[in-house]
Amino acid sequence: MTISGSCCLDTTTTTARNQRCSRKNQNCSCRLLDLRTGQAQQRQAEVAHPQQCSRQRHLQTTTTTTSTESSDSGRETKNPKLDFSNEGVAECSPFCHASNGSIIINKGKISPFFLCFLLLFLISPSSPIFTFVVSSETGNNGTHQVLHPGEELQKLKSIRERLNKINKPPVKTIQSPDGDVIDCVPSHQQPAFDHPQLKGQKPLDPPERPEGHSPASTAGSAEENFQAWRLSGESCPEGTIPIRRTSEEDMVRASSFRSFGKKLKRHVRRDTNSNGHEHAVGYVSGDQYYGAKASINVWAPSVANQYEFSLSQMWVISGSFGDDLNTIEAGWQVSPELYGDNYPRFFTYWTVSIYSLYGEKNCSELFSLFFFGNFQTDAYQATGCYNLLCSGFVQTNNRIAIGAAISPTSSYTGGQFDISLLIWKDPKHGNWWLEFGSGVLVGYWPSFLFTHLREHATMVQFGGETVNSRASGFHTATQMGSGHFAGEGFGKASYFRNLQVVDWDNNLIPLSNLKLLADHPNCYDIQGGINRVWGDYFYYGGPGRNIRCP
């Protein structure tokens, strides 16, 4: 479309507007945004006279009188406020394509700050528009909607394009006894090095480990052959890393292939329609943390349906639990949606919220990303994922496959099995490293991926998490940990032991003021303690639905 002027774009006073809008018969791309539904409608407006643009606008400025208390004046001041009482906002859009393809953004009476705030609201995972994009691929209960043949073909095409980015050409392929396919990929060709800031680089050398760090006890701890794919006797050559191959079935099975490999943000509600995540965790906060360590008991909890999961992990956190959160996470999980089975699997996860990532960009960058095609791709690459399903975590180990099944697991009143994990910030380069078991480095998250975590963490959490979808109208029967309550103790309830954090001087130290929280204690609970062998520890978990958790 061609625009020779900016009649529809101008939101300054009517007088100035009429002076500038002297051209007639201009085509303007107009957008009506309904704040009540979050839906936008695109319109073509034929502007015969400049005054029509003024009449079409739905964004009005009103003034209200408020009293100000001041020691030197009792005057009243008039504060302009935006009136959103009408059905929509800015029917004549504050942005249009000019004839040269550039984006025109008005900087009149609507401040750039307001436009940025509005856009960040629109692209937030909690916004109606963002939710609509994700939920349009699924039914109300997480089931797939029926697609027309053309839509199905387009979806399959998009899935295959995504798979080509995730699955890298291997130099060797290993068939795991549990059905996984493990590809041995040259380390410099792993997904992380698709990131613009890592292209052409190679994995870094091992960092300095925290002081006070000693190898975990071999009794009940994982060795390097703790995963099912290693039972085949095969291994990946030096200079490669093992990557669990993502299949077309994995992505088709997902509730949303656009968000495959990511945790969908859900509003946690405490009513009969709850569709939230539930936790039993121990945590520390109120200080600066540079890492954490724990040994985590491994079980194979039952998960009630494909769109729920059960996990046990460590969280390293900075920012606030809203639109400003950075996390690094590692542990084990059972996720039928992500993996297609009920095996407990070693996993990693990281995230940077959209707001904390894009809040520093100017309006023109935000509009360009969101409205003209680049936002979704850029946001996916930049806001985190599980395992190696996006450009982020750099793996350095050729004997551990992130996302592969763990074997053996613990049994009720029988043998107990746990894995030891250490996450810490390299004092020299600032990257966050992950160590497994008895001193085995897995890889690192580059510091540039984050905003708040570039410096340090403000909270560390340990514990379990489940998804309660209430698919049948009742609380889920998905188990946490062993599926038994904390009071049953060793051999029956799942545990975390030897909890520690890393301080500012790269020292591993005991926790101070560990707090315990179970947000649904009748479904999943937690009990803690301290002794000379296990240090700080706790038991946690539960069966989910039971007589006290309907």
Side-chain angles (χ1 to χ4, degrees), residues 159-195 198-199 201-204 222 224-254 257 260-262 328-333 335 337-341 343-350 380-381 384-407 419 421 433-437 440-446 449:
I159 286 174
R160 287 166 183 165
E161 289 175 351
R162 176 81 178 279
L163 286 174
N164 287 335
K165 294 180 180 180
I166 295 174
N167 295 324
K168 303 299 183 180
V171 299
K172 179 179 178 179
T173 295
I174 300 171
Q175 183 68 51
S176 174
D178 64 355
D180 282 354
V181 176
I182 305 297
D183 289 327
C184 301
V185 176
S187 58
H188 65 281
Q189 293 179 4
Q190 62 181 287
F193 292 104
D194 290 337
H195 195 288
L198 290 176
K199 276 189 177 295
Q201 299 184 31
K202 294 182 179 180
L204 297 176
E224 293 176 13
N225 60 351
F226 74 105
Q227 293 184 308
W229 72 278
R230 295 296 304 275
L231 300 178
S232 66
E234 297 283 344
S235 60
C236 284
E238 291 293 329
T240 69
I241 63 166
I243 302 179
R244 178 186 180 272
R245 183 183 299 177
T246 300
S247 68
E248 190 172 295
E249 290 74 20
D250 288 336
M251 297 196 72
V252 170
R253 184 178 57 248
F257 78 89
F260 175 75
K262 301 171 73 68
I328 289 173
E329 308 170 30
W332 61 263
Q333 68 178 165
S335 177
E337 179 180 7
L338 189 59
Y339 305 107
D341 56 40
Y343 297 128
R345 294 173 176 271
F346 173 54
F347 82 95
T348 62
Y349 189 80
W350 66 278
Y380 178 79
Q381 293 295 328
C385 63
Y386 281 112
N387 307 332
L388 303 182
L389 294 175
C390 67
S391 300
F393 186 82
V394 180
Q395 184 165 335
T396 60
N397 188 286
N398 71 328
R399 299 179 299 277
I400 294 175
I402 303 174
I406 298 175
S407 180
I419 58 176
L421 298 177
W433 282 79
L434 172 63
E435 180 185 284
F436 180 91
V440 180
L441 288 177
V442 181
Y444 61 92
W445 294 269
L449 295 173

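Excluded from the calculations below are hydrogen atoms, water molecules and symmetry mates; all remaining heavy atoms, backbone and side chain alike, are included.
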Roughly how far, to the nearest 0.5 Å, is the [atom2] atom of [Y] from the [atom1] atom of [X]?
| X | Y | atom1 | atom2 | value |
| --- | --- | --- | --- | --- |
| Y339 | D178 | OH | CG | 12.0 Å |
| E435 | L421 | CD | CG | 9.5 Å |
| R230 | C236 | CZ | SG | 8.5 Å |
| C390 | D194 | SG | CG | 10.5 Å |

- Mind checking whether F393 and W445 have ring centres under 6.0 Å apart?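 Between F393 and W445, the centre distance is under 6.0 Å.
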Residues forming a salt bridge (Lys or Arg N to Asp or Glu O under 4.0 Å) with [X], sequence neighbours excluded:
| X | answer |
| --- | --- |
| D341 | R345 |
| D250 | R244, R253 |
| K202 | none |

Is the closest side-chain heavy-atom distance between [X] and [Y] below 4.5 Å?
| X | Y | value |
| --- | --- | --- |
| S407 | F226 | no |
| Q333 | Y386 | yes |
| V185 | T240 | no |
| S235 | N398 | no |

- Task: Applying side chain to side chain contact (heavy atoms under 4.5 Å, CB included), run through I419 and F436 and close with a yes or a no.
- Result: CA-CA 7 Å; I419 58 176; F436 180 91; 3.7 Å; yes
- Identify the residue among D183, N167, L338 that makes a side chain to side chain contact (heavy atoms under 4.5 Å, CB included) with T246.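 When side chain to side chain contact (heavy atoms under 4.5 Å, CB included) is applied between T246 and each of D183, N167, L338, only N167 qualifies.
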With a 3.5 Å distance limit and no angle check, can you tell me whether [X] reaches the backbone of [Y] through a side-chain donor-acceptor pair?
| X | Y | result |
| --- | --- | --- |
| Q395 | I400 | yes |
| N387 | L389 | no |
| Q189 | K168 | no |

- Query: Nearest heavy-atom pair of P242 and I182: which atoms, and what distance?
  - Reply: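 Residues P242 and I182, closest heavy atoms: CB-CG2, 3.6 Å.
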- Minimum heavy-atom distance between P177 and L231, given as atom pair plus value: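 Shortest heavy-atom separation between P177 and L231 comes out as CG-CB, 4.4 Å.
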- With sequence neighbours left out, what residues match Q175 under side-chain contact (heavy atoms from CB on, under 4.5 Å)?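 With sequence neighbours excluded, Q175 shows a side-chain contact (heavy atoms from CB on, under 4.5 Å) to V181, given in chain and number order.
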- Item | S187: partners by side-chain contact (heavy atoms from CB on, under 4.5 Å), with sequence neighbours left out |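 So S187 forms a side-chain contact (heavy atoms from CB on, under 4.5 Å) with Q190, P203, I241.
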- Quick one: ring-ring contact (aromatic ring centres under 6.0 Å, His included) partners of Y444, sequence neighbours excluded?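 For Y444 the ring-ring contact (aromatic ring centres under 6.0 Å, His included) partners, ignoring immediate neighbours, are W433.
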